[in-house]
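Remarks on the structure that follows.
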Amino acid sequence: MTSPRQTPRYMGVRTFAGLPYADLAGEGQGEGAPTGQAAGRGAADGGERRAAVVGIPFDTATSWRAGARFAPEAIRSASALLRPWHPLHGVEVLRAGAVVDAGDLPITPGNAGRSVEQIADALSALCSSGTIALVLGGDHLVSLGELRAHASLHGPLALVLFDAHADTWDHYYGERLFHGTVVRRAVEEGLVDPSRSLIAGLRGSLYSPRDLDDARALGLELVQIDELRATPPAAFAGRVRDRVAKAPAFLGFDIDVVDPSAAPAAGTPEVGGLLAGEALAHVRELTAIRLVGFDIVEVSPPYDAPGQITSLLAANLAYEMLALAALNRTGTG
């Protein structure tokens with residue numbers, strides 16, 4: 001990772017926060033860049049667990065604003081201002097050798113089923129040796145492929161999801177694989193343990209009371225936005241830890257949980273959400289949880305403000321997630 005005090009941040013090939021690039025296909029790029037095999041090397045061969053940033057430029061399953069296919073590129077660009085040291089956690093998040101940018105996964109535009117399978121296969125290969133993947137979506141359906149991969153390695157997961165919507169509809173336009181059905185599909189496939197899972201930040205108008213009743217019937221704990229905003233981040237994190245217990249957990253963040261004033265480029269925006277600082281604080285406090293994967297989804301850059309504030313926030317949320325992975329890696333989280 002080149003120091004921005006030696007080379008301007010706006011120079012060079014754009015990776016997340018200037019991290020080394022490691023091709024998932026196994027062809028390392030750039031001087032000193034690890035190969036795809038090295039990107040997945042970690043706990044399995046006695047080394048420390050590595051984190052990898054992975055883009056999934058897929059938005060075929062969206063129902064409102066398309067454009068999330070451009071989010072990995074935009075978030076990487078906005079991440080150029082990030083620095084290695086996290087002053088609040090006291091950890092070097094981007095320490096050399098601990099984190100790489102693994103590029104984008106192959107997907108098939110227009111084919112949701114095949115794309116989910118491609119995501120699951122690629123992430124299973126990457127994470128089988130202990131690598132922690134942070135995915136930059138993509139619409140929310142990409143999470144189904146991620147959860148398949150992680151569940152194949154760890155068993156049913158505790159899902160910790162920040163989202164304005166429960167995403168537990170059975171179908172949308174007759175399609176069962178859609179960004180609004182992803183949580184239901186994950187529960188039905190046994191990828192998620194609903195008794196250990198919760199969705200926080202719910203708000204907005206509904207089609208009927210069943211929208212949330214059905215989510216509760218699946219066994220999920222639901223936290224409305226007013227309750228979330230009224231709960232200090234540390235207290236909410238304690239609630240999450242109690243819910244998750246010792247289960248392997250997946251942390252998902254749909255950008256629409258944030259208010260459009262701070263994140264206008266959401267695929268399905270809802271007013272009255274978290275402010276930027278609140279969102280960062282809630283993610284930052286989720287320490288001491290066995291997090292095996294992360295994602296940020298539903299950023300649609302074509303709808304962003306001139307200053308790209310949604311992508312900038314998403315990049316900083318990703319940084320907080322990498323900080324949690326670093327704390328777990330060093331045993332201090």
Side-chain angles (χ1 to χ4, degrees), residues 56 58-69 107-121 123 135 137-152 155-225 243 247 249-257 266-270 273 293 295-298 300:
I56 305 182
F58 174 86
D59 63 4
T60 294
T62 189
S63 61
W64 187 238
R65 291 173 170 176
R69 67 184 65 184
I107 51 87
T108 305
N111 191 324
R114 183 180 178 191
S115 293
V116 168
E117 292 173 357
Q118 289 174 289
I119 294 165
D121 290 345
L123 281 185
V135 164
D139 71 45
H140 206 168
L141 185 64
V142 304
S143 298
L144 183 60
E146 298 174 66
L147 292 169
R148 285 180 181 176
H150 293 302
S152 72
L157 305 164
L159 175 63
V160 180
L161 176 60
F162 290 93
D163 200 326
H165 313 99
D167 292 348
T168 53
W169 287 296
D170 183 55
H171 59 85
Y172 224 87
Y173 311 132
E175 295 294 325
R176 290 173 56 81
L177 292 181
F178 216 63
H179 73 159
T181 67
V182 59
V183 175
R184 175 173 290 276
R185 295 289 90 81
V187 173
E188 290 175 345
E189 293 184 19
L191 312 176
V192 165
D193 179 356
S195 70
R196 296 294 181 194
S197 303
L198 82 167
I199 305 174
L202 296 161
R203 66 187 189 281
S205 55
L206 304 172
Y207 291 114
S208 78
R210 286 191 56 187
D211 290 353
L212 297 184
D213 292 344
D214 288 351
R216 294 188 182 97
L218 291 173
L220 298 160
E221 181 177 347
L222 305 183
V223 182
Q224 300 284 344
I225 188 64
R243 180 75 172 179
F250 181 90
L251 175 57
F253 197 99
D254 186 324
I255 202 69
D256 68 22
V257 78
T268 314
E270 297 283 358
D295 72 11
I296 299 172
V297 297
E298 296 286 341
S300 181

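From a predicted model like this one, the values you see are computed outputs, not experimental measurements.
- Across all non-hydrogen atoms, the minimal contact from Pro194 to Arg243 is O-NH2, 2.8 Å.
- Here the shortest heavy-atom pairing between Thr168 and Ala215 reads OG1-CB, 3.5 Å.
- Contact between Ala166 and Leu212 at its shortest, heavy atoms only, is CB-CD2, 4.4 Å.
- Separating the CG atom in Asp214 from the CH2 atom in Trp169 is a distance of 11.0 Å, to the nearest 0.5 Å.
- Going from atom CG of Asp254 over to atom CG of Asp139 covers 9.5 Å, rounded to the nearest 0.5 Å.
- Put simply, NE2 on His171 and OG1 on Thr181 are 10.0 Å apart, with the number rounded to the nearest 0.5 Å.
- Considering CZ of Phe253 and CG of Asp295, their distance stands at 11.0 Å, rounded to 0.5 Å.
- Residues Pro156 and Arg196 form no side-chain contact, since every pair of their non-hydrogen atoms from C-beta on lies 4.5 Å or further apart.
- No donor-acceptor distance shorter than 3.5 angstrom exists from the side chain of Glu298 to the backbone of Ala266, with no hydrogens or angles considered.
- For the side chain to side chain contact (heavy atoms under 4.5 Å, CB included) criterion with Leu161, the lone passing option out of Ile199, Val182, Val192 is Ile199.
- Applying the ring-ring contact (aromatic ring centres under 6.0 Å, His included) test to pairs two or more places apart or on separate chains, those with a residue in residues 176-201 are Tyr172-Phe178, Tyr173-Phe178.
- With a 4.5 Å cut-off on side-chain heavy atoms, Val160 and Leu198 count as touching.
- Checked options Val183, Val187, Leu159, Leu218; the residue passing with Ser197 is Leu159 (criterion: side chain to side chain contact (heavy atoms under 4.5 Å, CB included)).
- If you take CZ on Arg69 and OG1 on Thr60, they are separated by 6.0 Å, rounding to the nearest 0.5 Å.
- In this structure, Ala112 and Phe58 approach most closely via the heavy-atom pair CA-CZ, 3.9 Å.
- A donor-acceptor pair is defined here as one N or O able to donate and one able to accept, closer than 3.5 Å; no such pair exists between the side chain of Arg203 and the backbone of Ala164.
- Heavy atoms only, all atoms of each residue included: Ser115 and Ile107 are closest at OG-CB, 3.8 Å.
- Contact record, Glu270 with Gly204: OE1-CA, 3.6 Å, taken as the closest heavy-atom pair.
- Panel note: side chain Gln118, backbone Thr108; a donor-acceptor pair is recorded below 3.5 Å.
- Under a 3.5 Å cut-off, the side chain of Asp59 and the backbone N or O of Ala66 do not form any donor-acceptor pair.
- Using a 4.5 Å cut-off on side-chain heavy atoms (C-beta onward), Leu177 and Glu175 make no contact.
- A salt bridge links Arg185 with Glu188: at least one charged nitrogen is closer than 4.0 Å to a carboxylate oxygen.
- Under the 3.5 Å distance criterion, with hydrogens and angles disregarded, a donor-acceptor pair is assigned to the side chains of Asp167 and His140.
- Between Asp256 and Asp163, the closest side-chain pair of non-hydrogen atoms falls below 4.5 Å.
- The pair Arg216-Asp213 meets the salt-bridge criterion, since a charged nitrogen lies less than 4.0 angstrom from a carboxylate oxygen.
- Inter-residue side-chain proximity for Leu191 and Leu144 is flagged as met; some heavy-atom pair is nearer than 4.5 Å.
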